[in-house]
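Protein chains get the first letters and strands the later ones, always in sequence-line order, with residue 1 at the start of each. The analysis underlying the following values was restricted to heavy atoms, covering all of them including side chains, and did not include hydrogens, waters or symmetry mates.
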Protein chains: 2
Amino acid sequence: MSVTDTRERLLEIALELIWQSNYSCVGVNEICKQAGVTKGAFYHHFESKASLFCEATAYYWQVIRNDLDAVFSPLNSPLVQLENLLHFLIMAKLGNDQAGIRGCPFYTSGAQIGSNEEKVIEALELLSSNAVKYNAALVHGLKSGGCLEEDVDVDAEQTGLLLYHFIHGVFSYAHVHEVVENTKRDLTVGIYRLLGLKREHWYAAEPNWVPQQANSHFVEQVMLPRRSD
Amino acid sequence: MSVTDTRERLLEIALELIWQSNYSCVGVNEICKQAGVTKGAFYHHFESKASLFCEATAYYWQVIRNDLDAVFSPLNSPLVQLENLLHFLIMAKLGNDQAGIRGCPFYTSGAQIGSNEEKVIEALELLSSNAVKYNAALVHGLKSGGCLEEDVDVDAEQTGLLLYHFIHGVFSYAHVHEVVENTKRDLTVGIYRLLGLKREHWYAAEPNWVPQQANSHFVEQVMLPRRSD
DNA sequence: AAGCATACATACCGGTTGGTATGCTCGTCA
DNA sequence: TGACGAGCATACCAACCGGTATGTATGCTT
């Protein structure tokens, strides 16, 4: 195993475990066990569990921003971008098999970290603000394209934030209650409505986004009970 | 202290602590300490931490359903009900002082409980399904009153669920990131949009709901660091 | 007054947590 | 060839976790 391998492996496993469960439920021991390394290796590469978490957020963002850039590629019309987003969300959170639901690995974790660890909160804020920026750009494109109902006193930035809230609300619920069936439908309708998408554009475009091979290693399966049993 | 006092006190303190933080971060020791009782008393009244949590959900529901019934009183027009809901949410989550943000005490807790403890998941599901019912009733009323944009293929039940997702998304975020300023505005706009509320009814009615005195004891302050430091 | 159950208080338990101290094994370079 | 640091493995730690065993004060019943 090369030098950077162990480190990356720890990051990936940690992400996967936190994704399936959440920060406070995932112990250092469990991470090491799944990664096939010892605690000595862990604390050789990371100074603390929180530190790992910080680096994992950056790592996570680095991974998904490629996908997001593809989803929101300027080559795609705003309507295609929208359908791409929906497709991306469904794939990322539910996966191909639609077996288990992953929450956002970070969304529910914020409240579980000591408030003294400001670095972590900052990392989370960077993540969410970036996500909102993508959303806002989408809104802006749709608006310019005349796809949205007129709405003078609400700007793209705010609508992007509304989308962010809603999306995480949906998946957070789905993650906890393990219901899948209506998730895609609810997600779609909710986003359409929050956008104020004109009715004639509902389900109008076909998504052209496909998961990038480069990320498939990231979604490799790690077997463990979903919660802390 | 009377017999039922200790028990109720434990329930209330536990709720308050979970509210400010979350299930897995709140220990039995901390609950006992804040409640001013010993562990012996705790395990005299509750057979486990999870059991307490179950009873707390029921207790919580019993408390807020009075408020919800007042918010959604048939004496109020649907538009007033809507504004009441907004008012209620802001008051319940942000409080009068707008100092700290409380997440829903249960929303983020689901993922932190052993999956073997099915009872807890059931209790949570009852809670959320009840909330959705209230929302759905509101949607139905607004629709009957002709306040909503026509939307043939989305029923009241589904819209109620969308509202639920969005609301919890907003407060979950606010709770973690401790931002308050735009919460009320975002919440309002998002709900209006998800409802498809006709533009002429935005901000149209005045809420007539006021917090019930009976619940004020429930929101008593408990001092502790917000997260598990 | 005897008997007994309720309502706790105190002390303690095994297991797990995040974190550390120490030692070993390599490849590298003087 | 020998010093040395990077990259770990092993063993261990105090703190804390949820939970329990046992003692005790109080009040009700008979």
Can you check the [X] [atom1] to [N] [atom2] distance for me, whole Å?
X	N	atom1	atom2	result
B:K33	D:dG18	NZ	C1'	17 Å
B:F53	D:dC17	CZ	P	18 Å
B:E30	D:dA15	CD	P	18 Å
A:R9	D:dC8	CZ	P	13 Å

Has A:H44 got a side-chain N or O lying under 4.0 Å from the OP1 or OP2 atom of D:dG7?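 A:H44 to D:dG7 OP1/OP2: side-chain N or O found under 4.0 Å.
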Looking at A:H45, I'd like to know whether one of its side-chain N or O atoms comes within less than 4.0 Å of OP1 or OP2 on D:dC8.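 So the side-chain polar atoms of A:H45 do come within 4.0 Å of the phosphate oxygens OP1 or OP2 of D:dC8, strictly under.
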Looking at residues at least two apart in the chain, or sitting in another chain, which of them share a salt bridge (Lys or Arg N to Asp or Glu O under 4.0 Å) with A:D155?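 By the salt bridge (Lys or Arg N to Asp or Glu O under 4.0 Å) rule, A:D155 matches no residue at all.
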Set of residues satisfying salt bridge (Lys or Arg N to Asp or Glu O under 4.0 Å) with respect to B:E55, sequence neighbours excluded: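 Per chain and number, B:E55 pairs via salt bridge (Lys or Arg N to Asp or Glu O under 4.0 Å) with B:R7.
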Could you list the residues that satisfy side chain to side chain contact (heavy atoms under 4.5 Å, CB included) with B:V189, not counting sequence neighbours?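 Result, side chain to side chain contact (heavy atoms under 4.5 Å, CB included) vs B:V189: A:V154, A:Q158, A:L162, B:R193, B:W202, B:Y203.
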With sequence neighbours left out, what residues match A:T38 under side chain to side chain contact (heavy atoms under 4.5 Å, CB included)?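 Here the qualifying residues are A:A41.
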Determine whether A:N22 and A:S24 satisfy the following criterion, side-chain hydrogen bond (donor to acceptor under 3.5 Å, both in side chains), listing intermediate values before the conclusion. CA-CA 6 Å; A:N22 65 67; A:S24 63; 3.1 Å; yes
Partner residues of B:D69 under the side-chain hydrogen bond (donor to acceptor under 3.5 Å, both in side chains) criterion, sequence neighbours left out: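 So B:D69 forms a side-chain hydrogen bond (donor to acceptor under 3.5 Å, both in side chains) with B:Y134.
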Its contact letters, B for base, S for sugar-phosphate only and - for none at protein heavy atoms under 4.0 Å, make nucleotides 17-23 of chain C read BBBB---
